[in-house]
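Reading through the structure tokens given below for one structure.
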Amino acid sequence: MRAPRGILPLLLLGLLLATGCSSGTPTGSQAPADTVTASQPPRTATATPSPTGDRAAAFRKWGIPLLAPPPAPPAVKPVRTDDGRIPVVSDIPTDQKIVFLTFDDGAEKDPKFVQMMRDLKIPFTMFLTDDVIKSDYGYFRPLQALGNSIQDHTLTHPDLHGRTLAQQKHEICVQQQKLTAEYGTAPGLFRPPYGNYNADTRTAMKSCGGLRAIILWRESMQIKKVQFQRPDKKFHPGDIILAHFRGPSQLKGESMTAMTANLLRQVASQGFTLARLDDYV
């Protein structure tokens, strides 16, 4: 028997409503990520970590007071090296409360020091001697990758006062070549072992090409304390600090990492921060 006219459309409409066929979300599927339902509270934005907060946490981790970030590099380097002369630099002309940290030789290869520098991201300069780094050139690459330059400190660490011009050329120029080959960047700065140099040293440096300054220092880091040259026993703006890659056998059981932490605490206690030497020479 036929259904009365008009009944069939009503039956079809009821069937569609019963099976949930609509323009909404299909039954049994998840709501889109941006849909808010009664059982799903609105999402809140995730806070972005603060770079300042991360830096402060890194300094707390190592037990060091927070140092101010280095200032922007000067537009013109205050130490002139483009006039054909090779200056001897113990401090940088500046009125900012900055000092410059340098590490010599390369004998100690403390993995904790690499981690400390990754955390703190402080600038420093390395003056390396081939005799003590050739056992592990790779140790210094992560430190260089952080933006810290590798500079020339001779092949065998001799007192250059007692060497001929030819011997000085060999010590300085061959080391420059080795460092360039190993680390991909030619050194531009030179530190003579023990701080000893003479007129032949400058002549030898010029013959190498690219070496623009002799770098000495104003303070040197011992095991727990800084040794000052000036009688007031204070840092002065622009001072260069000498430290070494040394381990427990040279530091009476102290590690290089602990020595560096002691140094940074003393820098902080006088209200100074560290800047990158290459930006000023």
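Only a predicted model underlies this, so the values are computations on that prediction, with no experimental measurement involved.
- Each of H244, R191, H153, Q151 was compared with T102 under the side chain to side chain donor-acceptor pair (under 3.5 Å) criterion, and only R191 meets it.
- No side-chain donor-acceptor contact under 3.5 Å links Q266 and N262.
- Between the side chain of E171 and the backbone N or O of P158 there is no donor-acceptor pair closer than 3.5 Å.
- Of all non-hydrogen atoms in F124 and M117, the two that sit nearest each other are CE2-SD, 3.4 Å.
- Within 6.0 Å of the NZ atom in K77, the count of heavy atoms belonging to other residues, nucleotides or ligands exceeds 12.
- The shortest distance between side-chain heavy atoms of L120 and L67 does not fall below 4.5 Å.
- K224 NZ: 12 or fewer foreign heavy atoms inside a 6.0 Å radius.
- Counting heavy atoms of neighbouring residues, nucleotides and ligands inside a 6.0 Å radius, atom NZ of K178 does not exceed 12 of them.
- Distance check, rounded to the nearest 0.5 Å: CG of L160 to CG of L165 gives 11.0 Å.
- Of all heavy-atom pairs spanning P71 and Y280, the tightest one is CG-OH, 4.0 Å.
- Atom CG of D239 sits about 11.5 Å away from atom NZ of K97, to the nearest 0.5 Å.
- A donor-acceptor pair is defined here as one N or O able to donate and one able to accept, closer than 3.5 Å; such a pair exists between the side chain of R276 and the backbone of G147.
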message: Checking F140 against E182 for the side chain to side chain contact (heavy atoms under 4.5 Å, CB included) test, could you report, in this order, the C-alpha distance in whole Å, the side-chain angles of both residues, the deciding distance, and whether it holds?
response: CA-CA 10 Å; F140 303 94; E182 285 294 333; over 6 Å; no
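- Put simply, F245 and I240 are part of two different groups of oily side chains (I, L, V, M, F, W, Y) that touch within less than 4.5 Å, one to the next.
- Inter-residue side-chain proximity for I214 and P192 is flagged as met; some heavy-atom pair is nearer than 4.5 Å.
- Atom CH2 of W217 is separated from atom CD of Q229 by 8.0 Å, given to the nearest 0.5 angstrom.
- For D105 (side chain) and A107 (main-chain N/O), no donor-acceptor pair under 3.5 Å exists by modelled atom type.
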task: Applying side chain to side chain contact (heavy atoms under 4.5 Å, CB included), run through I133 and L179 and close with a yes or a no.
output: CA-CA 10 Å; I133 68 169; L179 293 175; 4.0 Å; yes
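- Within 6.0 Å of CZ in R230 there are more than 12 heavy atoms belonging to other residues, nucleotides or ligands.
- Between P65 and S269, the closest side-chain pair of non-hydrogen atoms is not below 4.5 Å.
- Between the side chain of R265 and the backbone N or O of G63, at least one donor-acceptor pair lies under 3.5 Å.
- V174 shares a hydrophobic cluster with L155; the chain of contacts runs through ILVMFWY side chains whose heavy atoms sit under 4.5 Å apart.
- Looking only at atom types and distance, the side chain of D200 has no donor-acceptor partner in the side chain of T203 under 3.5 Å away.
- There is a path of hydrophobic side-chain contacts, each under 4.5 Å, that joins I64 to F235.
- Note that OG1 of T154 and CZ of F127 are 12.0 Å apart. Values are rounded to the nearest 0.5 Å.
- Residue I98 comes nearest to A275 through the heavy atom pair CD1-CB, 4.0 Å, listed as atom of the first residue, atom of the second, then distance.
- V89 has its side chain out of reach of L189: every pair of non-hydrogen atoms, C-beta onward, lies at least 4.5 Å apart.
- When atom types are taken as modelled, the side chain of Y139 and the backbone of D110 share a donor-acceptor pair closer than 3.5 angstrom.
- Side-chain contact between T260 and S255 is absent, with no heavy-atom pair separated by less than 4.5 Å.
- Looking at N148, its side chain does come within 3.5 Å of a backbone N or O of L143 through a donor-acceptor pair.
- Within the 4.5 Å cutoff, side-chain heavy atoms of F190 are placed close to those of T201.
- Across all their heavy atoms, H236 and F272 have their closest contact at C-CE2, 3.7 Å.
- M259 is connected to F59 through a chain of hydrophobic side-chain contacts under 4.5 Å among Ile, Leu, Val, Met, Phe, Trp and Tyr, so both are in one cluster.
- Across Q167 and T164, no two heavy atoms sit closer than the pair OE1-N, 2.9 Å.
- Side-chain N or O atoms of K233 include none that pairs as donor or acceptor with a backbone N or O of V226 at under 3.5 Å.
- Using a 4.5 Å heavy-atom threshold, the side chains of L274 and P123 count as touching.
- I150 is connected to L101 through a chain of hydrophobic side-chain contacts under 4.5 Å among Ile, Leu, Val, Met, Phe, Trp and Tyr, so both are in one cluster.
- No side-chain N or O of H157 forms a donor-acceptor pair with one of D131 less than 3.5 Å apart.
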field: Intermediate values then yes/no, side chain to side chain contact (heavy atoms under 4.5 Å, CB included), L242 and D104
entry: CA-CA 7 Å; L242 166 66; D104 276 14; 3.3 Å; yes
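- For K61, the NZ atom is densely surrounded, since the number of other residues' heavy atoms within 6.0 Å is greater than 12.
- Between E254 and R246 there is no salt bridge, since none of the side-chain N atoms of the basic residue sits less than 4.0 Å from a carboxylate O of the acidic one.
- The number of heavy-atom neighbours closer than 6.0 Å to NZ of K225, taken from other residues, nucleotides and ligands shown, is 12 or below.
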- request: Dump the intermediate steps for side chain to side chain contact (heavy atoms under 4.5 Å, CB included) on K109 and S135, then the final yes or no.
  value: CA-CA 10 Å; K109 301 168 183 69; S135 62; 3.8 Å; yes
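- Under a 3.5 Å cut-off, the side chain of R212 and the backbone N or O of D82 do not form any donor-acceptor pair.
- Looking at I92, T94, V281 one by one, the single match for side-chain contact (heavy atoms from CB on, under 4.5 Å) with P78 turns out to be I92.
- For the side-chain contact (heavy atoms from CB on, under 4.5 Å) with D152, the qualifying choice from I172, D130, T180, I215 is I172, the only one to do so.
- Residues Y137 and L128 fail the side-chain proximity criterion, which asks for heavy atoms closer than 4.5 Å.
- In terms of heavy atoms, A204 sits closest to C173 at O-SG, 3.7 Å.
- Between atom OG of residue S149 and atom CD of residue Q144 there is a gap of 8.5 Å, rounded to the nearest 0.5 Å.
- Clustering ILVMFWY residues whenever any of their side-chain heavy atoms sit less than 4.5 angstrom apart, transitively, puts F113 in the very cluster that holds I223.
- One distance of note links CZ of R60 with CG of D119; it measures 12.5 Å at 0.5 Å rounding.
- For the pair Q176 (side chain) and G209 (backbone), a donor-acceptor distance under 3.5 Å is present.
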task: Determine, step by step, whether R218 and D91 satisfy the salt bridge (Lys or Arg N to Asp or Glu O under 4.0 Å) criterion, reporting the C-alpha distance in whole Å, the side-chain angles of both residues, the deciding distance to 0.1 Å, and the verdict.
output: CA-CA 7 Å; R218 282 292 184 181; D91 50 58; 2.6 Å; yes
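- For the 3.5 Å distance criterion, the side chains of T129 and Q175 fail to qualify, holding no donor opposite an acceptor.
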